[in-house]
Amino acid sequence: MGLKEWCVIAVLCVLGTIQAQDKPTPLVIWHGMGDTCCFFFSMGHIEKLVMQRIPGIYVRSLMIGSNIIADEEHGYFGNVNDQVEEVCNKLANDTELQGGYHAMGFSQGGQFLRAVAERCSNPPMKNLITFGGQHQGVFGLPHCPENPSKSQTCEYIRRVLNYGSYLHWIQNSLVQAQYWHDPLHAEDYCNKSIFLADINNEKVVNEKYRENLNKLDNFVMVKFLADSMVVPVESEWFGFYTPGQDVEVLPLQQTQLYIEDRLGLKEMDETGKLHFLTQDGDHLDFTDEWFLEEIVDKFVA
């Protein structure tokens, strides 16, 4: 090969590197209960807003299973650990994400993506943004989706959770049971929760989880002040009931999780990586303008 050919190859390599560096950081989003990856009015709308704001960005809206129907069903039924593993494999095999990506989790998708950040560091997650995520779980399911087709399913889930959230078969088959946090039966929660107690390092301190979560550049948590879905609403900022009762709620900074720094949140807070945002509305109620100006422009662009 002559000098001319080598020069052409070198120029092409440099141009390819520049183009790769100029591409926006990709975005991965995970929807909440009763939703799917691709409804035009929910995750489809979010994807459209981001792509209009950041031309050329690659957005992957996660689908669990092989189709939209399966994706919606998996929001209620299945093993969350299996779903997180499925997502980790999909992200690792997505060539668009290998340089790193930002992540947005909506409602339960928030704690699910946090599990991805803790368990799967390749490709690297850069910024994690959760909207109404139940990071300390829930102790109540106050209302169901407005869509009548989902009301019977949600009512069934409510009854099953009240019956026995920590029964083995319920833990392994009902998604909401896997982040059900009963402060009145703390030992059962710690010993029998197959998902939330693990990713919150409440059973043992998994140093890998601490290390991987601290690799985030920013961890943004949006709490909805009039939220009628998440009980207690402080869970959206890692707050939760004082152990042994279900009235007084402790903020994150007063919980043992923070004081003992079991998950590295205290260290992240002290280094400016934690961001606590609020919205006045109900669960996932925010305007396009706020989303673009306070989230996309500051943590995605």
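Note that the coordinates shown come from a computational prediction; the quantities given were computed from them, not determined experimentally. This chain uses plain numbering: 1 for the first residue, then up along the sequence.
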Would you check if the side chain of S193 reaches a backbone N or O of C190 as a donor-acceptor pair within less than 3.5 Å?
no
Is the number of heavy atoms from other residues, nucleotides or ligands under 6.0 Å of E187 CD greater than 12?
no
Test salt bridge (Lys or Arg N to Asp or Glu O under 4.0 Å) on K23 and E96 and set out the steps.
CA-CA 10 Å; K23 291 182 66 175; E96 295 285 345; 3.2 Å; yes
Could you go step by step and tell me if M33 and Y76 meet the side chain to side chain contact (heavy atoms under 4.5 Å, CB included) rule?
CA-CA 7 Å; M33 178 181 73; Y76 296 103; 3.4 Å; yes
Would I46 and F40 show up in the same hydrophobic cluster when neighbours are defined by side-chain heavy atoms closer than 4.5 Å?
no
Evaluate the side chain to side chain contact (heavy atoms under 4.5 Å, CB included) criterion for residues I29 and M43: first the C-alpha distance (whole Å), next the side-chain angles of each, then the deciding distance (0.1 Å), finally the verdict.
CA-CA 8 Å; I29 57 180; M43 294 302 98; 4.2 Å; yes
Membership question, hydrophobic clusters at under 4.5 Å side-chain separation (ILVMFWY): are Y209 and L274 in the same one?
yes
Kindly compute the distance separating CG (N172) from CG (N81), expressed to the nearest 0.5 Å.
8.5 Å
Could you check whether atom CZ of F41 has more than 12 heavy atoms from other residues, nucleotides or ligands sitting under 6.0 Å from it?
yes
Take K126 and T25 through the test side chain to side chain contact (heavy atoms under 4.5 Å, CB included) and record every step on the way to the result.
CA-CA 9 Å; K126 299 190 177 212; T25 299; 4.1 Å; yes
May I ask you to test the W237-T278 pair for a side-chain heavy-atom distance under 4.5 Å?
yes
Between NZ of K223 and CE of M221, what distance do you get to the nearest 0.5 Å?
10.5 Å
Any side-chain heavy-atom pair from N79 and I194 closer than 4.5 angstrom?
yes
Are V220 and M104 packed together at the side-chain level, in the sense that at least one heavy-atom pair is separated by less than 4.5 angstrom?
no
Under a single-linkage definition using a 4.5 Å side-chain heavy-atom cutoff for Ile, Leu, Val, Met, Phe, Trp and Tyr, are V233 and V249 assigned to the same hydrophobic cluster?
no
Separation between CD of Q256 and CG of L250, rounded to the nearest 0.5 Å
9.0 Å
Parallel, tilted or perpendicular: which one describes the rings of F112 and Y179, with boundaries at 30° and 60°?
perpendicular
Under a 3.5 Å distance rule, please check whether R262 uses its side chain to pair with a backbone N or O of N201 as donor and acceptor.
yes
Looking at D217 and N127, would you say the former's side chain and the latter's main chain have a donor-acceptor pair under 3.5 Å?
no
Determine the minimum heavy-atom distance between S61 and C37, stating which atoms define it.
OG-O, 2.7 Å
Search all heavy atoms of C88 against all heavy atoms of V116 and return the closest pair with its distance.
SG-CG1, 4.1 Å
Considering non-hydrogen atoms only, spot the tightest contact between A70 and G65 and give its length.
CB-CA, 4.3 Å
D198 with K203: basic N within carboxylate O range, under 4.0 Å:
no
Taking the side chain as every heavy atom from C-beta outward, state whether Y241 and L184 have any pair of such atoms under 4.5 Å apart.
no
Minimum heavy-atom distance between S165 and A177, given as atom pair plus value
O-CB, 3.8 Å
Group every Ile, Leu, Val, Met, Phe, Trp and Tyr by side-chain heavy-atom contacts under 4.5 Å, then state whether V50 and L62 land in the same group.
no
ring-ring contact (aromatic ring centres under 6.0 Å, His included) assessment of Y101 paired with Y58:
CA-CA 9 Å; Y101 64 97; Y58 172 74; over 10 Å; no
Just checking H181 against F240, ring centres under 6.0 Å apart?
yes
Are any side-chain N or O atoms of Q178 and backbone N or O atoms of L196, one a donor and one an acceptor, separated by less than 3.5 Å?
no
Within one Ile-Leu-Val-Met-Phe-Trp-Tyr cluster: L252 and L277, side-chain cutoff 4.5 Å
no
For a quick test of reading the model, state the closest non-hydrogen atom pair linking L284 to S107 and the distance between them.
CD2-N, 4.0 Å
Do E211 and K208 meet the salt-bridge criterion of a basic N to acidic O distance under 4.0 Å?
no
Measure the acute angle between the ring planes of F106 and F131, then classify it against the limits of 30° and 60° as parallel, tilted or perpendicular.
parallel
Should the pair F286 and W290 be assigned to parallel (<30°), tilted (30 to 60°) or perpendicular (>60°) ring geometry?
tilted
Centre-to-centre under 6.0 Å for F139 and W180, is that the case here?
yes
Set out, in order, the CA-CA distance, both residues' side-chain angles and the distance that settles side chain to side chain donor-acceptor pair (under 3.5 Å) for S235 and Q134, then state yes or no.
CA-CA 5 Å; S235 180; Q134 300 97 51; over 6 Å; no
Donor-acceptor contact present, side-chain E248 to main-chain T242, <3.5 Å
no
Quick check: do Q83 and W30 have side-chain heavy atoms less than 4.5 Å from each other?
yes
Rounded to the nearest 0.5 Å, what's the gap from CG on L263 to CG on N214? Could you check?
8.5 Å
Identify the residue among E234, R114, E236 that makes a side-chain hydrogen bond (donor to acceptor under 3.5 Å, both in side chains) with H135.
R114
Check whether any side-chain heavy atom of D227 sits under 4.5 Å from a side-chain heavy atom of L225, and report yes or no.
no
Atom pair CG/NZ of N93 and K90 - distance to nearest 0.5 Å:
11.0 Å
What heavy-atom pair brings L113 and A103 nearest, and what distance separates the two atoms?
CD1-CB, 4.0 Å
M125, K273, H275, M268 screened by side-chain contact (heavy atoms from CB on, under 4.5 Å) with F219, the one that passes
M268
Keeping T36 on the side-chain end and C38 on the backbone end, is there a donor-acceptor pair under 3.5 Å?
yes
Tell me, with the steps shown, if D269 and Y258 meet side chain to side chain donor-acceptor pair (under 3.5 Å).
CA-CA 10 Å; D269 194 15; Y258 186 91; 2.8 Å; yes
Would you say V222 and T130 make side-chain contact, with heavy atoms under 4.5 Å?
no
Do the side chain of Q108 and the main chain of G133 share a donor and acceptor less than 3.5 angstrom apart?
no
Reported CE-to-CD distance for the pair M63 and E86, which is rounded to 0.5 angstrom:
8.5 Å
Side chain to side chain contact (heavy atoms under 4.5 Å, CB included) evaluation trace for L174 with F77:
CA-CA 5 Å; L174 187 60; F77 305 108; 4.0 Å; yes
Is a side-chain N or O of Q176 found less than 3.5 angstrom from the main chain of G75, in a donor-acceptor match?
yes
Does K266 pair with E260 as a salt bridge, N-O distance under 4.0 Å?
no
Under a 3.5 Å distance rule, please check whether D71 uses its side chain to pair with a backbone N or O of N67 as donor and acceptor.
no
Is there side-chain contact between I129 and I295, with at least one heavy-atom pair below 4.5 Å?
yes
